[in-house]
Every structure is written in C-alpha cells, then in structure tokens.
Amino acid sequence: MIKKRSDFNSEDDYIKYTRSSECLSAYELNGKEAEEIHYDMRFPESWLPHVKKALPTLIKQGKFKGIDLYFLVDDLLMQEEDYTVTETKM
C-alpha cells in the first residue's frame with residue numbers, strides 16, 4: 001500500500017519516500033494523468049514534460065509501475081543532457 005503525504009512529518013520525508021523502491025514498485029500509473037502522477041511522485045517541475053512523453057510509451061509496453069516511469073524519465077533526461085552537451089561543443 002502506498003503511503004500518503006499525511007503519513008510523513010515533512011515534505012522532505014515524503015519526497016524521500018517517493019524515491020524509495022518500496023514506493024516506486026507499488027505506485028500504479030494506470031488510470032492517472034501525467035499531472036497527477038507528477039504531483040503524487042513529487043518529481044521536479046522540469047520533469048513534467050518528460051512524464052507526459054513517457055506515459056504513452058509505458059502504456060504501449062504494458063508497464064504501469066512508478067519504477068518504470070522513473071527509469072524512463074531518467075533515461076529521457078540523460079538523452080537531453082547528452083544532446084545539450086554535444087550541442088554546446090559544436
């Protein structure tokens with residue numbers, strides 16, 4: 001069962017929890033919009049476009065867990081970073 005914000009003494013504690021394997025493995029994406037997932041998972045604001053981009057891909061692959069989203073968004077961020085670094089070197 002996923003814990004709620006009210007289960008924690010501080011927002012920082014909740015954010016740490018949302019990054020834990022316990023939470024990421026239990027969090028269900030199915031039936032949720034990108035904005036709701038982004039809010040629930042307390043991802044940085046800059047991640048929202050990546051969450052929106054990742055969701056359709058995960059749905060097509062039949063992957064509906066927070067851990068799948070986290071890894072795909074992380075991959076998208078790394079690709080973006082690689083592109084930015086390469087672009088600035090040109």
* Asked: Would you say Leu29 and Tyr39 are hydrophobically clustered, going by side-chain heavy atoms of ILVMFWY under 4.5 Å?
  -> no

* Specify the closest pair of heavy atoms between Leu58 and Leu69, including all atoms of both residues, with the distance to one decimal. => CD1-CA, 3.4 Å

* Set of residues satisfying side chain to side chain contact (heavy atoms under 4.5 Å, CB included) with respect to Ser10, sequence neighbours excluded -> Asp12, Asp13

* To do: Apply side-chain hydrogen bond (donor to acceptor under 3.5 Å, both in side chains) to Glu33 and list each qualifying residue two or more places apart in sequence or on a separate chain.
  => none

* **Residue pairs passing the salt bridge (Lys or Arg N to Asp or Glu O under 4.0 Å) test where at least one lies in residues 43-55, sequence neighbours excluded** => Glu35-Lys52

* If a pair satisfies side chain to side chain donor-acceptor pair (under 3.5 Å) and one of its residues is in residues 62-74, list it, with sequence neighbours excluded. => Glu28-Lys65

* To do: May I ask you to test the Lys32-Leu55 pair for a side-chain heavy-atom distance under 4.5 Å?
  => no

* Asked: Looking only at heavy atoms, which two atoms of Val51 and His38 are closest? And how far apart?
  -> CG2-CD2, 4.4 Å

* Can you name the side-chain hydrogen bond (donor to acceptor under 3.5 Å, both in side chains) partners of Glu36, sequence neighbours left out? -> none

* Run through the side-chain heavy atoms of Ile, Leu, Val, Met, Phe, Trp and Tyr, join any pair under 4.5 Å, and report what else lands in Ile59's cluster. => Phe64

* Please report the shortest heavy-atom distance between Leu76 and His50, naming the atom on each side. => CD1-O, 3.8 Å

* Which pair of non-hydrogen atoms, one from Leu48 and one from Ala34, has the smallest distance, and what is that distance? -> CD1-O, 4.0 Å

* What residues form a ring-ring contact (aromatic ring centres under 6.0 Å, His included) with Tyr27, not counting sequence neighbours? -> none

Residues 16-26, side-chain donor-acceptor partners within the protein, below 3.5 Å, at least two apart:
unit_1	atom_1	unit_2	atom_2	d
Tyr17	OH	Lys3	N	3.0
Thr18	OG1	Ile15	O	2.7
Thr18	OG1	Met41	O	3.1
Arg19	NH1	Met41	O	2.7
Arg19	NH2	Arg42	O	2.7
Ser20	OG	Tyr17	O	2.6
Ser20	OG	Cys23	N	3.2
Ser25	OG	Ser21	O	2.8

* Asked: Of all residues at least two apart in sequence or in a different chain, which pass the side chain to side chain contact (heavy atoms under 4.5 Å, CB included) check with Lys4?
  -> Ser6, Asp7

